[in-house]
Amino acid sequence: MATKVERLLISVLGPKFILDQGLRRGPYKGLNLKKLKKNLHGVDLGPLKPMLPQALKHKDQKIHLNVDFYQADLDRVQAMMQDYDDTQILLIGRRHVRSNNSWLHNSQRLVKGKSRCTLMLHPETAEQHGIKDGQYVRVTSRVGSVVITAEVTDELMPGVVSIPHGFGHGRKGVKQKIAQAHAGVSVNDLTDDTLIDTLSGNAAVNGVPVQLEAVAPETSNLDTTDSKTDSPTTTSDSESSSAA
């Protein structure tokens, strides 16, 4: 109901009026939209001040986390855990401070050094699939397949593998030469469009079931750009995270 009222007010009064009223009624006296516009570089409001628990609107001034929306989903989660196949290999994403998004990959200062577009996997998982550190691995999901270098590490739990988002600069038409030289593979080519997070309705870009296969060096061709063919690798520009 509150959302409908807010939308009605915005449609009638306009977003600038709503913003101005929010500034006027906020904790800083004398602040309004007109004053903010006059100060293009911002207004110094002084040091940050604690706003809790006064900012909490509940009468008990506590944060209510156990809401019905989440509570009602617990039975489904419990059933899912009972049916979980612990032999599955699940793919998750990751970020690195020097490659937060793909546009950072065209900076030589940020991409130099060891490749960060690797398949991280636990030593137990690597041993089960005959994969050695630094070896090429074919990762296959329901929708696609990529070939990527293995990075064996105990930083992940067994049964989970990780590929960073934001890579895949090897497709035709990419004009960023530095990024092209560090093309990597696109985790988006493995993301299954049928996997949906039940509670939120969002695409599930983590926890994607995959199969692993060690690839002999002579059969690998990391210059290939199409994951939908029989070639062992794939590249495409990836910005998802997850969202990556």
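The shown structure was predicted, so the numbers you read here are calculated from the model rather than taken from an experiment. Reckoned from all heavy atoms, side chains included, excluding hydrogens, waters and symmetry mates.
- Under the rule for a side chain to side chain contact (heavy atoms under 4.5 Å, CB included), the partners of L74 that lie at least two apart in sequence or sit in another chain are Q71.
- Each salt bridge (charged side-chain N to carboxylate O under 4.0 Å, His left out) pair with one or both residues in residues 140-168, not counting sequence neighbours, appears once here: R142-D192, R142-D193.
- Taking the side chain as every heavy atom from C-beta outward, V161 and V210 approach each other to under 4.5 Å.
- Other cluster members for V111: I178, joined by side-chain heavy-atom distances under 4.5 Å among Ile, Leu, Val, Met, Phe, Trp and Tyr.
- Counting heavy atoms from C-beta outward, T198 and M80 have side chains that stay 4.5 Å or more apart.
- Of the possible polar contacts, none joining the T191 side chain to the V205 backbone as a donor-acceptor pair under 3.5 Å is found.
- Following chains of ILVMFWY side-chain contacts shorter than 4.5 Å, one can reach L195 starting from I163, so the two form part of one hydrophobic cluster.
- Residue pairs meeting the salt bridge (charged side-chain N to carboxylate O under 4.0 Å, His left out) criterion with at least one partner in residues 52-80, sequence neighbours excluded, are D73-R76.
- Hydrophobic clustering keeps I92 apart from V139 (ILVMFWY residues linked when any side-chain heavy atoms are closer than 4.5 Å, directly or through intermediates).
- A donor-acceptor pair under 3.5 Å is formed between the side chain of Q135 and the backbone N or O of K132.
- Proximity of a side-chain donor or acceptor of H122 to a complementary backbone N or O of E124 within less than 3.5 Å is detected.
- Listed by first then second residue, pairs satisfying salt bridge (charged side-chain N to carboxylate O under 4.0 Å, His left out) with a partner in residues 11-32 read D20-R24, not counting sequence neighbours.
- E127 meets the salt bridge (charged side-chain N to carboxylate O under 4.0 Å, His left out) test with no other residue; sequence neighbours excluded.
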side-chain contact (heavy atoms from CB on, under 4.5 Å) evaluation trace for L90 with V208: CA-CA 5 Å; L90 300 181; V208 177; over 6 Å; no
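- Checked against a 6.0 Å centroid threshold, the rings of H105 and H182 do not count as neighbours.
- Judged by distance alone, with hydrogens and angles left aside, the side-chain atoms of S141 form a donor-acceptor pair with the main-chain N or O of L190 at under 3.5 Å.
- V97 shares a hydrophobic cluster with no other residue; no ILVMFWY side chain has heavy atoms under 4.5 Å from its own.
- The two residues A183 and F167 have their closest heavy-atom pair at O-CB, 3.7 Å.
- Scanning for side chain to side chain contact (heavy atoms under 4.5 Å, CB included) contacts around A181 gives an empty result, with sequence neighbours left out.
- With a 4.5 Å cut-off on side-chain heavy atoms, V146 and S186 do not count as touching.
- Shortest non-hydrogen contact noted between D133 and A150 is OD1-O, 3.7 Å.
- Although no hydrogens or angles enter the test, the distance criterion places no donor-acceptor pair under 3.5 Å between the side chain of D189 and the main chain of G144.
- Grouping Ile, Leu, Val, Met, Phe, Trp and Tyr residues whose side-chain heavy atoms lie under 4.5 Å apart, directly or via other members, leaves M51 alone, with no other cluster members.
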Anything under 3.5 Å between a donor and an acceptor, one on a side chain of residues 31-47, the other on a protein residue two or more places apart or in another chain? List them.
unit_1, atom_1, unit_2, atom_2, d
N32, OD1, K34, N, 3.1
N32, OD1, K35, N, 2.7
N39, ND2, K35, O, 2.8
D44, OD1, G46, N, 2.9

Could you go through L119 and T149, starting from their C-alpha distance and side-chain angles, then the distance that decides it, and tell me whether this counts as side-chain contact (heavy atoms from CB on, under 4.5 Å)? CA-CA 6 Å; L119 176 77; T149 304; over 6 Å; no
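- Evaluation of the side chain to side chain contact (heavy atoms under 4.5 Å, CB included) rule for L110 yields R98, L104, S107 as partners, not counting sequence neighbours.
- Every residue meeting the side chain to side chain contact (heavy atoms under 4.5 Å, CB included) condition with S200, not counting sequence neighbours, appears here in chain and number order: D197, N202.
- For the pair L199/Y70, a side-chain contact is recorded, criterion being any heavy-atom separation below 4.5 Å from C-beta on.
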